[in-house]
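Letters go in sequence order (proteins before strands), and every chain restarts at 1.
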2 protein chains.
Amino acid sequence: MARPTIADIAERVGVSKGAVSFALNGRPGVAEATRARILQVAKEMNWRPHSAARALGGARADAVGLVIARPASTLGVEPFFAQLLSGLQAGLSRQSVAMHLMIVEDVEAETEVYRDWASAHRVDGFIIVDLKVRDPRIEVLEELGVPSVVLGGPGRHGSLSSVWADDREAMLSVADYLAALGHRRLAHVAGLPEFHHTQRRMRALRDSSRRLGLAETVSTTTDFSDAEGAAATRALLSRARRPTAIVYDSDVMALAGLGVAGEMGVRVPDELSIVAFDDSVLTRIAHPAITALSRDTFAYGRRLAEVMLALIEEPERRRDVKTATPRLVVRESTAPPGAWQGD
Amino acid sequence: MARPTIADIAERVGVSKGAVSFALNGRPGVAEATRARILQVAKEMNWRPHSAARALGGARADAVGLVIARPASTLGVEPFFAQLLSGLQAGLSRQSVAMHLMIVEDVEAETEVYRDWASAHRVDGFIIVDLKVRDPRIEVLEELGVPSVVLGGPGRHGSLSSVWADDREAMLSVADYLAALGHRRLAHVAGLPEFHHTQRRMRALRDSSRRLGLAETVSTTTDFSDAEGAAATRALLSRARRPTAIVYDSDVMALAGLGVAGEMGVRVPDELSIVAFDDSVLTRIAHPAITALSRDTFAYGRRLAEVMLALIEEPERRRDVKTATPRLVVRESTAPPGAWQGD
DNA sequence: AGAAGGCGCTAAACCGCTATAGTTGCCGGA
DNA sequence: TCCGGCAACTATAGCGGTTTAGCGCCTTCT
């Protein structure tokens, strides 16, 4: 048989479709003996649910949606994102929930996809990444009423649930550490300015520079690419009074920055300390290995999945989950500033 | 209105559901004037198709399936894969086709998912990655009769379509180049032995060593991780007669190998040449920059998407697409072997 | 003993859309 | 004038499930 339906099972067992449905979904309405027979036959016939048919009836789609509005070509570059995705999937897999993924050009297209998938009941919930400063997606999702979890926060995600890590606190720990080493002039190569966490990190660094009595810390925003990371570094190191330490918003940029330092004859860590926000293989295999704010990105993704699944189960209860603050892992790229720095 | 259906449109326009369906799907059976009015109203009411309902009727699901059987935690590490995924999605997005993604533990679970999605008509086709030497997935997919494209080949993919690049030829070009530089003792840090392309690469390198009259080339297989890449390198460099050049099956391992060389005081490229199979940001930002077999992975993924879409359109015509052979991009990590080598 | 209630099940409606057999009305041709 | 044929629709039957109303029948309580 091509594909057994519950009607086939019903016929074979000699009961009605409804009874089969009850039995297969573990709900009351059939005697245990009958249920056992139905399950037995279903197994024999190798029956499997037809999710489209279920979805039509308003039941679970067993999938969550992830829509990303980025130029697709830049996606593969970031280990962070890939790791996150892995963890997310790992978490979802446990309950056999699939991921419905789509990459689009811009936020308008993104919200369009939300409407589409929501109304077609293609997914049970959405995961929102790359939280923007004033994010138009929030209200669309609130209006659609589909369970949604925002990655990032705290705040700025309206009534939606969220999973986040304390970027600010992490950034403060970096500033404290560098100041303790004796650095007075820090610089920051940041990511996309429209991202919420970029703003948060810039502010954190500015605040702590002030608090610690350091020179004003300037942040240069980039598109997260190695090219712009390198360019920003080149500009910083060409200044008359160049920084003695640079904090990068991603590991790729930190690595690119390290390369630029080498190319310009600036020794790391003797003449320049480098810290990466976000850790991965890259920072570990670089030479010198790069001091980084590390977190278990895979676990972060898995946590995200858990919250998503829990929210689907119980949509009325909003969740706001703070995950572990990235902690500083000191490697070889940071040291007290050299004597020459005090020009 | 929560969610207009074609019945709502029909009522509003004053025609039957069937007429609306005809109009919306651009098929004959309605007068042009009527069609225009229907489309107009559908737009006004913000109607969108319910894919589950369509799928039930046997129509397109507008999604392709990608199931990956790897420990999820290793997925995020490889730029290659992430880039491929990006390109794939970019290609699919053009036709608003989504990707249904799932990461599973092993191949059994993987085939299970194929059966599931195929019978539930959740996807219109499958993309198969990580082609194994004797791959059990092939016959399952042949049996299911769902359009499928295998990434990898040539050969070994039964009656399924495929998209591939000529690994063998690429590897030969590496051997030729290194031999021309004067290297006589090569080594190969390969990937997972059960992968089809790993075998192909190992064979290519062995063959050409013989042909070029070089010392026998040994291949060490690994799990593609930086850790095993580093370990393999350490072992190779500890030998009495160590290789003067090492070819790595991935950029991450090449970078790890470069690190090990540094740590062991082996100068690159003076004492050791390094070549990476697969290019990415990593090879470019390493110091020294790593010579690599480069291809446009993003374009590769996009091509894969194109073939998939074409196959869905016309499933009876099998495709076998060879893409551009990765070409060697020489950077700073390769040079003629130093004089000391001829011990 | 009769009413009430619960169990185990069936029949049928329904979800949104597609496909197909019919129906209507209009035209031209014999 | 009647019929065939065609275009433009309508009505309806699925697709594979879930859900609800309802129907016997047996138990239990009064």
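Between A:Glu314 and A:Arg319 there is a salt bridge, since a side-chain N of the basic residue sits under 4.0 Å from a carboxylate O of the acidic one. B:Arg60 and B:Glu313 are joined by a salt bridge, as a carboxylate oxygen and a charged side-chain nitrogen come within less than 4.0 angstrom of each other.
As rounded to whole Å, 16 Å separates atom P of C:dC17 from atom NE2 of B:His121. Atom CZ in B:Arg60 sits roughly 12 Å away from atom P in C:dA19 (whole-Å rounding). Distance, B:Ile9 CD1 to D:dC9 C1': 17 Å, rounded to whole Å.
Of all heavy-atom pairs spanning A:Ile103 and B:Ser86, the tightest one is CD1-CA, 4.4 Å.
Taking the ring centre of B:Phe126 as origin, the terminal cationic atom of B:Arg137 falls outside the region bounded by 6.0 Å and 45° from the ring axis.
At the phosphate of D:dC9, OP1 or OP2 sits under 4.0 Å from a side-chain N or O atom of B:Thr34.
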Mark up nucleotides 11-21 of chain D, 5' to 3', with B wherever a protein heavy atom is under 4.0 angstrom from a base atom, S wherever such an atom reaches only the sugar-phosphate, and - elsewhere. ----BBBBBB-
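Between the side chain of B:Ser148 and the backbone N or O of B:Leu160, no donor-acceptor pair lies under 3.5 Å. Using modelled atom types, one side-chain atom of B:Asp135 and one backbone atom of B:Lys132 make a donor-acceptor pair closer than 3.5 Å.
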